[in-house]
Trainee: 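Okay, here's the structure, questions in a sec.
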Protein chains: 2
Amino acid sequence: MTDITSEGPSEHRGVPGQSPLAQDAGRRSPNADLIACIELFYFAYRGFTCDPDTILEQYGFGRAHHRVLHFVHRNPGLKVAELLDILQITKQSLARVLKQLVDESFIIQKAGNEDRRERRLYLSAKGARLTDKLTQIQAKRIEGALAELGQGADVVARNFLFAMIAEKDRPQVEALIRSEHGGLPADESNCNPREP
Amino acid sequence: MTDITSEGPSEHRGVPGQSPLAQDAGRRSPNADLIACIELFYFAYRGFTCDPDTILEQYGFGRAHHRVLHFVHRNPGLKVAELLDILQITKQSLARVLKQLVDESFIIQKAGNEDRRERRLYLSAKGARLTDKLTQIQAKRIEGALAELGQGADVVARNFLFAMIAEKDRPQVEALIRSEHGGLPADESNCNPREP
DNA sequence: GCCAATAAGTCAACATGACTGACATAACGT
DNA sequence: ACGTTATGTCAGTCATGTTGACTTATTGGC
(Lines give C-alpha, C1' and ligand atoms only; values in the text may rest on other atoms or scores of the structure.)
Protein backbone atom coordinates (compact mmCIF):
# COMPACT_ATOMS: atom_id res chain seq x y z
CA MET A 1 0.00 0.00 0.00
CA THR A 2 1.38 3.32 -1.02
CA ASP A 3 0.92 6.27 1.24
CA ILE A 4 0.71 9.06 -1.27
CA THR A 5 0.39 11.70 1.39
CA SER A 6 3.60 11.16 3.26
CA GLU A 7 6.84 10.98 1.34
CA GLY A 8 9.24 9.30 3.72
CA PRO A 9 9.41 5.61 4.53
CA SER A 10 6.30 5.55 6.70
CA GLU A 11 5.98 1.80 6.98
CA HIS A 12 2.49 0.36 7.01
CA ARG A 13 0.48 3.08 8.68
CA GLY A 14 2.93 3.50 11.51
CA VAL A 15 2.82 7.07 12.75
CA PRO A 16 -0.51 8.88 12.19
CA GLY A 17 0.58 11.50 9.73
CA GLN A 18 3.26 13.25 11.68
CA SER A 19 6.21 12.48 9.43
CA PRO A 20 8.22 15.71 9.41
CA LEU A 21 8.25 15.99 5.63
CA ALA A 22 4.61 15.40 4.89
CA GLN A 23 3.21 17.59 7.59
CA ASP A 24 2.50 21.12 6.43
CA ALA A 25 5.08 21.13 3.70
CA GLY A 26 3.25 23.96 2.01
CA ARG A 27 1.83 25.73 5.04
CA ARG A 28 -1.30 27.14 3.55
CA SER A 29 -4.29 27.92 5.72
CA PRO A 30 -5.27 24.58 7.27
CA ASN A 31 -3.22 21.43 7.51
CA ALA A 32 -2.00 20.23 4.12
CA ASP A 33 -3.07 16.68 4.94
CA LEU A 34 -6.61 17.85 5.49
CA ILE A 35 -6.60 19.61 2.17
CA ALA A 36 -5.35 16.43 0.57
CA CYS A 37 -8.29 14.69 2.22
CA ILE A 38 -10.71 17.18 0.76
CA GLU A 39 -9.44 16.57 -2.73
CA LEU A 40 -9.15 12.84 -2.25
CA PHE A 41 -12.76 12.72 -1.11
CA TYR A 42 -13.83 14.44 -4.29
CA PHE A 43 -11.83 12.15 -6.54
CA ALA A 44 -12.78 9.09 -4.52
CA TYR A 45 -16.45 9.81 -4.86
CA ARG A 46 -15.94 10.11 -8.57
CA GLY A 47 -14.33 6.71 -8.55
CA PHE A 48 -17.07 5.37 -6.36
CA THR A 49 -19.77 6.34 -8.85
CA CYS A 50 -18.10 5.85 -12.21
CA ASP A 51 -18.58 2.08 -12.51
CA PRO A 52 -22.34 2.11 -11.83
CA ASP A 53 -22.75 5.18 -14.03
CA THR A 54 -21.42 3.26 -17.00
CA ILE A 55 -23.90 0.44 -16.49
CA LEU A 56 -26.84 2.71 -15.75
CA GLU A 57 -26.22 4.61 -18.94
CA GLN A 58 -27.03 1.50 -20.93
CA TYR A 59 -30.46 1.45 -19.32
CA GLY A 60 -31.05 5.16 -19.77
CA PHE A 61 -30.85 5.61 -16.02
CA GLY A 62 -28.82 7.95 -13.86
CA ARG A 63 -27.55 8.13 -10.33
CA ALA A 64 -30.94 9.08 -9.02
CA HIS A 65 -32.36 5.81 -10.31
CA HIS A 66 -29.47 3.95 -8.77
CA ARG A 67 -30.15 5.35 -5.33
CA VAL A 68 -33.80 4.42 -5.52
CA LEU A 69 -33.01 0.92 -6.72
CA HIS A 70 -30.40 0.48 -4.04
CA PHE A 71 -32.44 1.52 -1.05
CA VAL A 72 -35.53 -0.34 -2.19
CA HIS A 73 -33.39 -3.41 -2.69
CA ARG A 74 -31.96 -3.19 0.79
CA ASN A 75 -35.32 -2.26 2.32
CA PRO A 76 -38.07 -4.12 0.49
CA GLY A 77 -41.50 -2.74 1.26
CA LEU A 78 -40.12 0.73 1.78
CA LYS A 79 -42.72 3.48 1.80
CA VAL A 80 -42.38 6.45 -0.52
CA ALA A 81 -42.23 8.79 2.45
CA GLU A 82 -39.38 6.79 3.97
CA LEU A 83 -37.47 6.88 0.73
CA LEU A 84 -37.91 10.64 0.55
CA ASP A 85 -36.55 10.85 4.06
CA ILE A 86 -33.50 8.79 3.19
CA LEU A 87 -32.65 10.57 -0.02
CA GLN A 88 -33.57 14.03 1.23
CA ILE A 89 -34.99 15.10 -2.06
CA THR A 90 -38.41 16.41 -2.95
CA LYS A 91 -41.44 14.39 -3.88
CA GLN A 92 -41.19 15.66 -7.41
CA SER A 93 -37.55 14.67 -7.84
CA LEU A 94 -38.32 11.19 -6.62
CA ALA A 95 -41.55 10.90 -8.60
CA ARG A 96 -39.76 11.42 -11.86
CA VAL A 97 -37.29 8.60 -11.49
CA LEU A 98 -39.64 6.35 -9.58
CA LYS A 99 -42.26 6.61 -12.30
CA GLN A 100 -39.69 5.56 -14.86
CA LEU A 101 -38.58 2.62 -12.76
CA VAL A 102 -42.17 1.51 -12.20
CA ASP A 103 -43.16 2.01 -15.84
CA GLU A 104 -40.25 -0.11 -16.98
CA SER A 105 -41.10 -2.55 -14.17
CA PHE A 106 -37.83 -2.46 -12.34
CA ILE A 107 -39.84 -1.53 -9.28
CA ILE A 108 -43.22 -2.80 -8.18
CA GLN A 109 -45.61 -0.83 -6.05
CA LYS A 110 -48.06 -2.55 -3.77
CA ALA A 111 -50.61 -0.97 -1.47
CA GLY A 112 -49.83 -1.49 2.21
CA ASN A 113 -51.70 -4.25 4.02
CA GLU A 114 -52.64 -2.23 7.08
CA ASP A 115 -52.84 1.16 5.45
CA ARG A 116 -53.83 1.00 1.83
CA ARG A 117 -52.78 4.58 1.17
CA GLU A 118 -49.16 3.52 1.38
CA ARG A 119 -47.37 2.36 -1.74
CA ARG A 120 -44.86 -0.21 -0.61
CA LEU A 121 -41.92 -0.47 -2.96
CA TYR A 122 -40.33 -3.71 -4.08
CA LEU A 123 -37.87 -4.66 -6.77
CA SER A 124 -38.95 -6.94 -9.57
CA ALA A 125 -36.64 -9.79 -10.50
CA LYS A 126 -35.37 -7.60 -13.31
CA GLY A 127 -34.78 -4.73 -10.89
CA ALA A 128 -33.01 -6.98 -8.45
CA ARG A 129 -30.76 -8.30 -11.20
CA LEU A 130 -29.68 -4.81 -12.21
CA THR A 131 -29.27 -3.61 -8.65
CA ASP A 132 -27.21 -6.63 -7.70
CA LYS A 133 -24.96 -5.94 -10.63
CA LEU A 134 -24.51 -2.34 -9.52
CA THR A 135 -23.91 -3.32 -5.92
CA GLN A 136 -21.39 -5.92 -6.90
CA ILE A 137 -19.27 -3.64 -9.03
CA GLN A 138 -19.30 -1.01 -6.32
CA ALA A 139 -18.56 -3.53 -3.59
CA LYS A 140 -15.71 -4.87 -5.65
CA ARG A 141 -14.12 -1.45 -5.86
CA ILE A 142 -14.39 -0.97 -2.13
CA GLU A 143 -13.11 -4.44 -1.47
CA GLY A 144 -10.18 -3.78 -3.76
CA ALA A 145 -9.43 -0.52 -2.05
CA LEU A 146 -9.52 -2.09 1.39
CA ALA A 147 -7.35 -4.94 0.22
CA GLU A 148 -4.63 -2.45 -0.64
CA LEU A 149 -4.65 -1.29 2.95
CA GLY A 150 -3.63 -3.12 6.05
CA GLN A 151 -5.70 -5.23 8.40
CA GLY A 152 -8.42 -3.35 10.20
CA ALA A 153 -8.68 -0.73 7.51
CA ASP A 154 -12.27 -1.66 6.80
CA VAL A 155 -13.45 -0.75 10.27
CA VAL A 156 -11.50 2.49 10.20
CA ALA A 157 -12.90 3.32 6.76
CA ARG A 158 -16.47 2.68 7.84
CA ASN A 159 -16.06 4.67 11.01
CA PHE A 160 -14.43 7.50 9.13
CA LEU A 161 -17.26 7.62 6.63
CA PHE A 162 -19.82 7.51 9.39
CA ALA A 163 -18.08 10.32 11.22
CA MET A 164 -18.21 12.43 8.07
CA ILE A 165 -22.00 12.33 8.05
CA ALA A 166 -23.78 15.42 9.31
CA GLU A 167 -24.55 14.97 13.00
CA LYS A 168 -28.27 15.30 12.50
CA ASP A 169 -28.31 12.48 9.93
CA ARG A 170 -26.27 9.99 11.91
CA PRO A 171 -29.01 8.37 13.99
CA GLN A 172 -31.09 7.79 10.89
CA VAL A 173 -28.20 6.34 8.91
CA GLU A 174 -27.17 4.16 11.79
CA ALA A 175 -30.71 2.82 12.15
CA LEU A 176 -30.97 2.29 8.43
CA ILE A 177 -27.76 0.34 8.18
CA ARG A 178 -28.54 -1.70 11.26
CA SER A 179 -31.97 -2.60 9.94
CA GLU A 180 -30.54 -3.67 6.62
CA HIS A 181 -28.08 -5.92 8.36
CA GLY A 182 -30.78 -8.41 9.15
CA GLY A 183 -33.09 -6.31 11.27
CA LEU A 184 -36.67 -5.45 10.53
CA PRO A 185 -37.17 -3.03 7.65
CA ALA A 186 -38.35 -0.06 9.66
CA ASP A 187 -41.96 -1.23 9.94
CA GLU A 188 -44.20 -4.20 10.66
CA SER A 189 -45.88 -6.25 8.00
CA ASN A 190 -43.49 -5.74 5.14
CA CYS A 191 -41.06 -8.53 5.70
CA ASN A 192 -41.89 -10.49 2.59
CA PRO A 193 -38.43 -10.55 1.07
CA ARG A 194 -39.07 -9.23 -2.42
CA GLU A 195 -41.43 -9.68 -5.34
CA PRO A 196 -44.78 -9.51 -3.51
CA MET B 1 -15.37 6.07 18.65
CA THR B 2 -18.46 4.10 17.95
CA ASP B 3 -18.27 1.29 15.49
CA ILE B 4 -21.73 1.31 14.07
CA THR B 5 -21.05 -1.63 11.83
CA SER B 6 -20.13 -4.23 14.39
CA GLU B 7 -22.37 -4.75 17.37
CA GLY B 8 -20.19 -6.63 19.82
CA PRO B 9 -17.48 -5.14 21.99
CA SER B 10 -14.91 -4.78 19.19
CA GLU B 11 -12.45 -2.66 21.15
CA HIS B 12 -10.67 0.06 19.24
CA ARG B 13 -10.41 -1.43 15.78
CA GLY B 14 -9.12 -4.75 17.02
CA VAL B 15 -10.16 -7.47 14.58
CA PRO B 16 -10.69 -6.27 10.99
CA GLY B 17 -14.41 -6.76 10.75
CA GLN B 18 -14.75 -10.40 11.52
CA SER B 19 -16.84 -10.20 14.66
CA PRO B 20 -19.28 -13.12 14.31
CA LEU B 21 -22.36 -10.97 14.76
CA ALA B 22 -21.57 -8.16 12.37
CA GLN B 23 -20.30 -10.22 9.53
CA ASP B 24 -22.96 -11.17 7.03
CA ALA B 25 -25.84 -11.02 9.45
CA GLY B 26 -28.20 -10.56 6.54
CA ARG B 27 -26.41 -12.59 3.91
CA ARG B 28 -27.53 -10.78 0.84
CA SER B 29 -25.45 -10.85 -2.33
CA PRO B 30 -22.12 -9.31 -1.33
CA ASN B 31 -20.73 -8.82 2.14
CA ALA B 32 -23.04 -6.78 4.34
CA ASP B 33 -20.13 -4.65 5.53
CA LEU B 34 -19.36 -3.68 1.97
CA ILE B 35 -22.95 -2.69 1.42
CA ALA B 36 -22.77 -0.60 4.56
CA CYS B 37 -19.71 1.04 3.07
CA ILE B 38 -21.56 1.85 -0.11
CA GLU B 39 -24.30 3.60 1.79
CA LEU B 40 -21.92 5.27 4.18
CA PHE B 41 -19.98 6.66 1.27
CA TYR B 42 -23.12 8.20 -0.12
CA PHE B 43 -24.16 9.74 3.17
CA ALA B 44 -20.62 10.80 3.96
CA TYR B 45 -20.27 12.65 0.70
CA ARG B 46 -23.48 14.44 1.48
CA GLY B 47 -22.02 15.46 4.81
CA PHE B 48 -18.79 16.44 3.12
CA THR B 49 -20.53 18.89 0.81
CA CYS B 50 -23.33 20.26 2.95
CA ASP B 51 -21.34 22.87 4.87
CA PRO B 52 -19.80 24.55 1.81
CA ASP B 53 -23.11 24.35 -0.03
CA THR B 54 -24.72 26.51 2.62
CA ILE B 55 -22.07 29.18 2.30
CA LEU B 56 -21.94 29.07 -1.49
CA GLU B 57 -25.67 29.58 -1.65
CA GLN B 58 -25.24 33.01 -0.10
CA TYR B 59 -23.02 33.97 -3.02
CA GLY B 60 -25.28 32.47 -5.64
CA PHE B 61 -22.67 29.82 -6.33
CA GLY B 62 -22.85 26.05 -6.45
CA ARG B 63 -20.53 23.11 -6.13
CA ALA B 64 -19.12 23.67 -9.58
CA HIS B 65 -17.92 27.10 -8.53
CA HIS B 66 -16.46 25.63 -5.38
CA ARG B 67 -14.38 23.14 -7.28
CA VAL B 68 -12.98 25.81 -9.56
CA LEU B 69 -12.17 28.08 -6.63
CA HIS B 70 -10.55 25.26 -4.74
CA PHE B 71 -8.24 23.98 -7.43
CA VAL B 72 -7.24 27.45 -8.54
CA HIS B 73 -6.50 28.31 -4.94
CA ARG B 74 -4.30 25.28 -4.48
CA ASN B 75 -2.71 25.70 -7.91
CA PRO B 76 -2.34 29.38 -8.68
CA GLY B 77 -1.54 30.06 -12.29
CA LEU B 78 -3.45 27.00 -13.40
CA LYS B 79 -4.25 26.88 -17.09
CA VAL B 80 -7.81 26.40 -18.27
CA ALA B 81 -6.86 23.18 -20.03
CA GLU B 82 -5.35 21.82 -16.83
CA LEU B 83 -8.46 22.66 -14.87
CA LEU B 84 -10.58 20.89 -17.46
CA ASP B 85 -8.33 17.89 -17.06
CA ILE B 86 -8.70 17.88 -13.29
CA LEU B 87 -12.44 18.34 -13.22
CA GLN B 88 -13.13 16.14 -16.22
CA ILE B 89 -15.94 18.30 -17.46
CA THR B 90 -16.41 20.00 -20.79
CA LYS B 91 -15.15 23.41 -21.81
CA GLN B 92 -18.68 24.70 -21.83
CA SER B 93 -19.50 23.51 -18.31
CA LEU B 94 -16.38 25.16 -17.01
CA ALA B 95 -16.84 28.32 -19.06
CA ARG B 96 -20.20 29.00 -17.49
CA VAL B 97 -19.03 28.98 -13.90
CA LEU B 98 -15.62 30.42 -14.67
CA LYS B 99 -17.15 33.39 -16.45
CA GLN B 100 -19.28 34.08 -13.41
CA LEU B 101 -16.30 33.88 -11.10
CA VAL B 102 -14.25 36.17 -13.31
CA ASP B 103 -17.08 38.63 -13.83
CA GLU B 104 -17.60 38.89 -10.10
CA SER B 105 -13.82 39.07 -9.73
CA PHE B 106 -13.33 36.07 -7.51
CA ILE B 107 -10.90 34.82 -10.11
CA ILE B 108 -8.39 36.77 -12.14
CA GLN B 109 -7.15 35.70 -15.53
CA LYS B 110 -3.71 36.65 -16.78
CA ALA B 111 -2.10 35.77 -20.07
CA GLY B 112 0.84 33.39 -19.72
CA ASN B 113 4.32 34.89 -19.79
CA GLU B 114 5.84 32.41 -22.21
CA ASP B 115 2.73 31.61 -24.17
CA ARG B 116 0.27 34.43 -24.29
CA ARG B 117 -2.55 32.21 -25.54
CA GLU B 118 -2.80 30.70 -22.11
CA ARG B 119 -5.06 32.24 -19.53
CA ARG B 120 -3.48 31.62 -16.17
CA LEU B 121 -6.00 31.56 -13.35
CA TYR B 122 -5.49 33.18 -9.98
CA LEU B 123 -7.73 33.99 -7.07
CA SER B 124 -8.34 37.57 -6.11
CA ALA B 125 -8.12 38.47 -2.45
CA LYS B 126 -11.88 38.22 -2.33
CA GLY B 127 -11.80 34.80 -3.98
CA ALA B 128 -9.11 33.62 -1.59
CA ARG B 129 -11.12 34.76 1.39
CA LEU B 130 -14.18 32.80 0.27
CA THR B 131 -12.20 29.74 -0.68
CA ASP B 132 -10.33 29.75 2.61
CA LYS B 133 -13.64 29.87 4.41
CA LEU B 134 -14.91 26.89 2.42
CA THR B 135 -11.71 24.94 2.93
CA GLN B 136 -11.71 25.61 6.63
CA ILE B 137 -15.22 24.42 7.24
CA GLN B 138 -14.60 21.31 5.22
CA ALA B 139 -11.27 20.67 6.90
CA LYS B 140 -12.92 21.09 10.24
CA ARG B 141 -15.42 18.38 9.48
CA ILE B 142 -12.70 16.00 8.39
CA GLU B 143 -10.59 16.87 11.40
CA GLY B 144 -13.58 16.24 13.64
CA ALA B 145 -14.27 12.93 11.99
CA LEU B 146 -10.68 11.81 12.34
CA ALA B 147 -10.60 12.93 15.95
CA GLU B 148 -13.41 10.52 16.72
CA LEU B 149 -11.27 7.69 15.44
CA GLY B 150 -8.10 6.28 16.89
CA GLN B 151 -4.51 7.21 16.16
CA GLY B 152 -3.41 6.58 12.63
CA ALA B 153 -6.91 6.86 11.25
CA ASP B 154 -5.93 9.82 9.09
CA VAL B 155 -3.40 7.87 7.11
CA VAL B 156 -5.80 4.98 6.68
CA ALA B 157 -8.55 7.35 5.61
CA ARG B 158 -6.37 9.05 3.03
CA ASN B 159 -5.11 5.80 1.67
CA PHE B 160 -8.60 4.40 1.54
CA LEU B 161 -9.85 7.42 -0.38
CA PHE B 162 -6.91 7.24 -2.75
CA ALA B 163 -7.53 3.57 -3.35
CA MET B 164 -11.12 4.33 -4.26
CA ILE B 165 -10.05 6.51 -7.15
CA ALA B 166 -10.30 4.99 -10.60
CA GLU B 167 -6.97 3.44 -11.50
CA LYS B 168 -6.50 5.64 -14.54
CA ASP B 169 -6.92 8.81 -12.47
CA ARG B 170 -4.55 7.91 -9.69
CA PRO B 171 -1.27 9.11 -11.17
CA GLN B 172 -2.80 12.46 -11.98
CA VAL B 173 -4.34 12.87 -8.54
CA GLU B 174 -1.15 11.80 -6.86
CA ALA B 175 0.86 14.32 -8.89
CA LEU B 176 -1.68 17.01 -8.18
CA ILE B 177 -1.68 16.49 -4.46
CA ARG B 178 2.08 16.23 -4.31
CA SER B 179 2.50 19.45 -6.25
CA GLU B 180 0.12 21.26 -3.97
CA HIS B 181 2.04 20.11 -0.95
CA GLY B 182 4.81 22.53 -1.68
CA GLY B 183 5.94 21.29 -5.06
CA LEU B 184 5.92 23.20 -8.31
CA PRO B 185 2.45 23.87 -9.70
CA ALA B 186 2.62 21.62 -12.74
CA ASP B 187 4.53 24.08 -14.90
CA GLU B 188 7.41 26.54 -15.03
CA SER B 189 6.94 30.23 -14.71
CA ASN B 190 3.77 30.37 -12.70
CA CYS B 191 5.12 30.30 -9.21
CA ASN B 192 4.02 33.75 -8.24
CA PRO B 193 1.90 32.84 -5.23
CA ARG B 194 -1.36 34.57 -6.00
CA GLU B 195 -2.73 37.93 -7.09
CA PRO B 196 -0.44 38.65 -10.04
C1' DG C 1 5.90 35.68 -43.83
C1' DC C 2 2.61 31.90 -44.42
C1' DC C 3 0.17 28.31 -42.27
C1' DA C 4 -1.11 24.49 -39.43
C1' DA C 5 -1.71 23.63 -34.71
C1' DT C 6 -2.93 25.09 -30.14
C1' DA C 7 -5.40 27.65 -26.13
C1' DA C 8 -9.24 29.58 -25.17
C1' DG C 9 -13.83 31.58 -25.72
C1' DT C 10 -18.49 31.28 -27.59
C1' DC C 11 -23.06 29.80 -29.45
C1' DA C 12 -27.13 26.89 -29.78
C1' DA C 13 -29.35 23.08 -28.18
C1' DC C 14 -30.20 19.45 -25.04
C1' DA C 15 -30.54 16.07 -20.65
C1' DT C 16 -30.61 15.23 -15.89
C1' DG C 17 -31.76 15.98 -11.45
C1' DA C 18 -32.60 19.09 -8.16
C1' DC C 19 -36.16 22.81 -6.56
C1' DT C 20 -41.07 25.32 -5.59
C1' DG C 21 -45.93 25.74 -4.83
C1' DA C 22 -50.31 24.35 -5.78
C1' DC C 23 -53.65 21.02 -6.34
C1' DA C 24 -55.99 16.09 -6.82
C1' DT C 25 -57.12 11.62 -5.04
C1' DA C 26 -57.71 8.06 -2.05
C1' DA C 27 -57.87 6.13 2.39
C1' DC C 28 -57.65 6.52 7.37
C1' DG C 29 -59.47 7.71 11.93
C1' DT C 30 -62.25 10.24 15.06
C1' DA D 1 -68.88 13.64 7.73
C1' DC D 2 -64.51 15.76 8.04
C1' DG D 3 -59.84 16.72 8.82
C1' DT D 4 -55.44 14.45 8.23
C1' DT D 5 -52.27 11.68 5.82
C1' DA D 6 -49.91 9.27 1.81
C1' DT D 7 -49.23 9.72 -2.59
C1' DG D 8 -49.39 11.49 -7.18
C1' DT D 9 -49.24 15.26 -10.45
C1' DC D 10 -48.82 19.80 -12.91
C1' DA D 11 -46.23 23.81 -14.25
C1' DG D 12 -42.25 26.24 -14.08
C1' DT D 13 -37.35 27.15 -12.63
C1' DC D 14 -32.40 26.40 -11.81
C1' DA D 15 -27.72 24.22 -11.78
C1' DT D 16 -24.79 21.48 -13.99
C1' DG D 17 -23.59 18.39 -17.12
C1' DT D 18 -23.46 17.16 -22.36
C1' DT D 19 -22.47 17.88 -27.89
C1' DG D 20 -20.77 19.99 -32.05
C1' DA D 21 -19.51 23.80 -34.55
C1' DC D 22 -17.19 27.98 -34.92
C1' DT D 23 -14.09 32.25 -33.75
C1' DT D 24 -10.00 34.45 -32.15
C1' DA D 25 -5.41 35.02 -30.74
C1' DT D 26 -1.06 33.19 -30.69
C1' DT D 27 2.62 30.05 -31.45
C1' DG D 28 6.10 27.59 -33.90
C1' DG D 29 7.84 25.33 -37.99
C1' DC D 30 8.83 25.80 -42.70
Trainee: Within this structure, what is the CD1-to-C1' distance between A/Ile107 and D/dG8, rounded to whole angstrom?
Mentor: 16 Å
Trainee: Of all nucleotides in DNA chain C with an atom under 4.0 Å from a non-hydrogen atom of chain A, which is the first and which the last going 5' to 3'?
Mentor: C/dG17 to C/dC28
Trainee: Considering only heavy atoms from C-beta outward, does the side chain of A/Tyr122 approach that of A/Leu78 to under 4.5 Å?
Mentor: no
Trainee: Return a single string for nucleotides 18-30 of chain D, one symbol per nucleotide in 5' to 3' order, where B is base contact, S is sugar-phosphate-only contact and - is none, cutoff 4.0 angstrom on heavy atoms.
Mentor: BB-----BBS---
Trainee: Quick check for you: to the nearest 0.5 Å, what is the distance between B/Phe41 atom CZ and B/Phe48 atom CZ?
Mentor: 9.5 Å
Trainee: Under the side chain to side chain contact (heavy atoms under 4.5 Å, CB included) rule, collect the residues that match up with B/Gln100, sequence neighbours excluded.
Mentor: B/Phe61, B/His65, B/Glu104
Trainee: What residues, two or more places apart in sequence or in another chain, satisfy side chain to side chain contact (heavy atoms under 4.5 Å, CB included) together with A/Ser105?
Mentor: A/Lys126
Trainee: Under 4.0 Å, heavy atom to any atom of DNA chain D: which of residues 60-71 of chain B qualify?
Mentor: B/Gly62, B/Arg63, B/Ala64, B/His65, B/Arg67
Trainee: List for me each residue that meets side chain to side chain contact (heavy atoms under 4.5 Å, CB included) alongside B/Arg119, sequence neighbours excluded, and say none if there are none.
Mentor: B/Val80, B/Gln109
Trainee: Looking only at side chains, do B/Glu148 and A/Asn159 share a donor and an acceptor under 3.5 Å apart?
Mentor: no
Trainee: Measure CG/A/Leu101 against P/D/dG8 and give the value in whole Å, please.
Mentor: 13 Å
Trainee: For a quick test of reading the model, state the closest non-hydrogen atom pair linking B/Ala36 to A/Ile177 and the distance between them.
Mentor: CB-CG2, 3.9 Å
Trainee: Are the side chains of B/Arg170 and A/Phe43 in touch, meaning some heavy atoms are under 4.5 Å apart?
Mentor: no
Trainee: To the nearest Å, how far apart are A/Asp103 CG and D/dG8 P?
Mentor: 12 Å
Trainee: Would you mind reading off the distance between A/Gln100 atom CD and D/dG8 atom C1', rounded to a whole angstrom?
Mentor: 16 Å
Trainee: Less than 4.0 angstrom from a charged side-chain N to a carboxylate O is my criterion; do B/Glu167 and A/Arg141 meet it?
Mentor: yes
Trainee: Strictly below 4.0 Å, N to O, side chains only: are A/Arg178 and A/Glu180 in salt-bridge contact?
Mentor: no
